[in-house]
Undergrad: 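Would you mind keeping the following structure in view while I ask a few things?
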Amino acid sequence: MVTKEDIIKLAKLGKLYLTEEELDSAVKDMTNIIGFANEISKVDTGDTEFDNINGLENALREDIVEESFDEDLILKNVDGGKDGFFYIKKYQN
Amino acid sequence: MKYELVSGLETHVELSTKTKIFCSCRTDFGGEPNTHCCPICIGLPGTLPKLNKEVVRYAIMAGLATNCEINLISKMDRKNYVYPDLPKAYQISQYDLPLCKNGYIQLDSGKKIRIARIHIEEDAGKLVHKGGDVYVDYNRGGVPLIEIVTQPDIRSSEEAREYVEKLQLIMRYIGVSDCKMQEGSMRCDVNISVRPEGSEEFGTRTEIKNMNSLTFMTKAMEYEKNRQIELIENGGKVEQETLRYIESSGTTESMRGKEDAHDYRYFREPDLVTIHTLSEEVENIRKSLPELPTARIKKYIEKFGISEKDAESIVKYKNISDFFEKAIQGIENPKIVSNFIIGQIFSTLNNEQEKESFDIKVSAESLNELCKLVESKKINVGLAKSTLLKMLETGKNVSNFISQEDMQSISEEKLLEICKKAVDSNPNAVKDYLSGKEKALKVLIGFVMKETKGKVDALNTQKNILDTIKNI
Ligand SMILES: [Zn+2]
């Protein structure tokens, strides 16, 4: 059961600012999402032991440098950034 | 009432691997902003992290060097929080199965500061604040860190300083980090509480974040300890909060209180598989560990007969200790070498920083050559000292200053002859000496030293001069 308090807490942790209406619809949405994900727990897995990475181990990488991406590409999704940086404008109320 | 400080440290150490923890971008300090970045380390959706093998090995080395047990089964977890320095809105860290646990570092007093755990994680990006706006550089984002967490065993700011210095030195000796606090490759969070002396219970603690200098760390601890004591004495209560130290005023200020405490909602990182280390691998790493600072100090004192003070001042700097180890090759009495390092070489190094970088013009081989001449009595210590100073100034080798002729030892007969010459040529000094001015003898010895280019023993010379004067 997802409560309004849960959503308020999650929104705060995620630094999201929701209106009253948005809060109500988020409770509904989140209940649906969790209900959907919970379907998987109905599966009868018998005696098989599971972890969430299927018992895989040690996929390790050698410590060898590869060229990084061009700065232009890195900043492409933020409209080029500002002076080579990702840029966050001061929050205005 | 008397109060006791109770403190524990969380130390972040940047590992000096070539690449980041989950991608192949370089880890070099500095560089133009956002030029050591790729889709993985700027957290683009759909990318997959790949764990750097060397990070695991370095962390195990750090654990073994601090007497930790190694968790053969380990894993990564997500630590969720929203802040611009973390592009994914979570940091990949370790929660309940850190690579190392239950270690300790021993202080000079014999007291052990217990280490609860050492885990691996990714560093965050760097934020630059300008007029309320925030500029983000992700070059540092994804650089591998180990976090070393102690038990609350520290009882004074001096103990905290000694612990950090020891930790720093160990990490440098095993080569996993340069631990430069001023460059941010080593940073400490300090937990502090106070309690009445003799009490077993812990007081409410505060945490001072991100100390990047030992001087400021000890100052901050003293300030915070006194602030808490004063608060309690005046009937107040210590609030559990996170603090920042203000260097300019020497005070602490609140960053966030308990009600704003992060709820990290840790869960297993599903993009990374289990880290399974074999005990043979751990043993191999243990065998490959270089000699640690405490072992070196012990060796210098017990095997080489070097004083504790001198041994410590050499071992304190890895560069100098490594230089010493090279310079004593084939030397019977390594004390000759340590005396030159602490005497002549240290006299040319003006501060801690110069000792740390140890950028001198004399190679270990060259000092070794000089010391062998002393040990085989081809030249005396006085001549060796002045020669070493010339070598340090010019970067030239022994052979540039000492000729074959200089190295031939002077016979007793020859020495007596020169002493007679000294007495004959300095009648005034002899007169002065005979009238009770002991210092006048120095003039005569100096004369002999000059004549022999310092190749003779000063005490022996003095004896010969006195005999000569007696026989006048
Ligand atoms: Zn990258």
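Letters A, B, ... are given to chains in the order of the sequence lines, protein chains preceding strands, and every chain is numbered from 1. Only this structure's heavy atoms are used, side chains among them; waters, hydrogens and symmetry mates stay out.
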Undergrad: For chain A, find which of B:Pro39, B:Gly131, B:Ala89, B:Pro84 contributes the most heavy-atom pairs closer than 4.5 angstrom.
TA: B:Pro39
Undergrad: Could you check A:Glu20 against A:Lys4 for salt bridge (charged side-chain N to carboxylate O under 4.0 Å, His left out), going step by step and ending with a plain yes or no?
TA: CA-CA 10 Å; A:Glu20 261 321 290; A:Lys4 198 168 169 179; 2.5 Å; yes
Undergrad: Contact between B:Tyr135 and B:Lys130 at the side-chain level, heavy atoms closer than 4.5 Å - yes or no?
TA: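 Yes; the side chains approach each other to less than 4.5 Å.
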Undergrad: May I ask you to list the residues in residues 67-78 of chain A that approach chain B closer than 4.5 angstrom, counting heavy atoms only, ordered by number?
TA: A:Glu67, A:Ser68, A:Phe69, A:Glu71, A:Ile74, A:Leu75, A:Asn77
Undergrad: Looking at A:Asp83, A:Ile64, A:Asn58, which one has more heavy-atom pairs under 4.5 Å with chain B than the rest?
TA: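 Counting heavy-atom pairs under 4.5 Å, the top option is A:Asn58.
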Undergrad: Given heavy-atom pairs under 4.5 angstrom as the criterion, report whether the side chain, backbone, both or neither of B:Lys20 touches chain A.
TA: backbone
Undergrad: With chain A, which of B:Cys25, B:Pro33, B:Pro87 has the greatest number of heavy-atom pairs at distances under 4.5 Å?
TA: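 It is B:Pro33.
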Undergrad: Answer yes or no: is there a side-chain heavy-atom contact under 4.5 Å between B:Gln168 and B:Tyr173?
TA: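 B:Gln168 vs B:Tyr173: side chains apart.
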Undergrad: For B:Ser74 and B:Asn71, which I'm curious about, is there any donor-acceptor pair between the side chains at under 3.5 Å?
TA: no
Undergrad: Please look at B:Ile21 and chain A and tell me whether the side chain, the backbone, both or neither of the residue comes under 4.5 angstrom of a heavy atom of that chain.
TA: backbone
Undergrad: Give me the one residue out of B:Thr27, B:Thr17, B:Thr19 that meets side-chain hydrogen bond (donor to acceptor under 3.5 Å, both in side chains) with A:Asp63.
TA: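 With A:Asp63 as partner, B:Thr27, B:Thr17, B:Thr19 yield a single side-chain hydrogen bond (donor to acceptor under 3.5 Å, both in side chains), made by B:Thr19.
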Undergrad: Quick check on the interface: out of B:Thr35, B:Asn52, B:Leu51, who has the most heavy-atom pairs with chain A under 4.5 Å?
TA: B:Asn52
Undergrad: State whether A:Phe85 and A:Lys82 meet the cation-pi test: NZ (Lys) or CZ (Arg) under 6.0 Å from the six-membered ring centroid, and within 45° of the perpendicular axis.
TA: no
Undergrad: Give every residue pair that meets the side chain to side chain donor-acceptor pair (under 3.5 Å) criterion with at least one member in residues 36-51 of chain B, sequence neighbours excluded.
TA: none
Undergrad: Could you state the interatomic distance from CD1 (B:Ile42) to CG (B:Asn139), rounded to the nearest 0.5 Å?
TA: 11.5 Å
Undergrad: Any cation-pi pair here, B:Arg78 with B:Phe267, using under 6.0 Å and within 45°?
TA: no
Undergrad: Under the salt bridge (charged side-chain N to carboxylate O under 4.0 Å, His left out) criterion, do B:Asp189 and B:Lys209 qualify, and how do the steps go?
TA: CA-CA 5 Å; B:Asp189 298 340; B:Lys209 281 279 182 196; 3.3 Å; yes
Undergrad: Do you know which of B:Val55, B:Ile275, B:Val82 has the most heavy-atom pairs under 4.5 Å to chain A?
TA: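 Among the listed options, the one with the most contacts to chain A is B:Val82.
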Undergrad: In terms of side-chain heavy atoms, does B:Ser93 have a donor or acceptor partner in B:Glu121 at a distance below 3.5 Å?
TA: yes
Undergrad: Identify which of A:Lys15, A:Arg61, A:Glu57 forms the greatest number of heavy-atom pairs closer than 4.5 Å to chain B.
TA: A:Arg61
Undergrad: Can you tell which part of A:Leu10 gets under 4.5 Å to a heavy atom of chain B, answering side chain, backbone, both or neither?
TA: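 The side chain, not the backbone.
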Undergrad: Please classify the contact between B:Cys41 and chain A as side chain, backbone, both or neither, with a heavy-atom cut-off of under 4.5 Å.
TA: neither
Undergrad: Report the C-alpha separation of B:Tyr138 and A:Phe86 in whole Å, then their side-chain angles, then the decisive distance to 0.1 Å, and conclude whether the ring-ring contact (aromatic ring centres under 6.0 Å, His included) test is met.
TA: CA-CA 9 Å; B:Tyr138 289 120; A:Phe86 287 79; 5.0 Å; yes
Undergrad: Relative to chain A, which segment of B:Val128 carries a heavy atom at a distance below 4.5 Å: side chain, backbone, both, or neither?
TA: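 Side chain of B:Val128 only, per the 4.5 Å heavy-atom cut-off to chain A.
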Undergrad: Chain A: which of B:Arg265, B:His276, B:Glu54 shares the most heavy-atom pairs with it under 4.5 Å?
TA: B:His276
Undergrad: Does any backbone or side-chain atom of B:Leu272 lie under 4.5 Å from a heavy atom of chain A? Answer side chain, backbone, both or neither.
TA: backbone
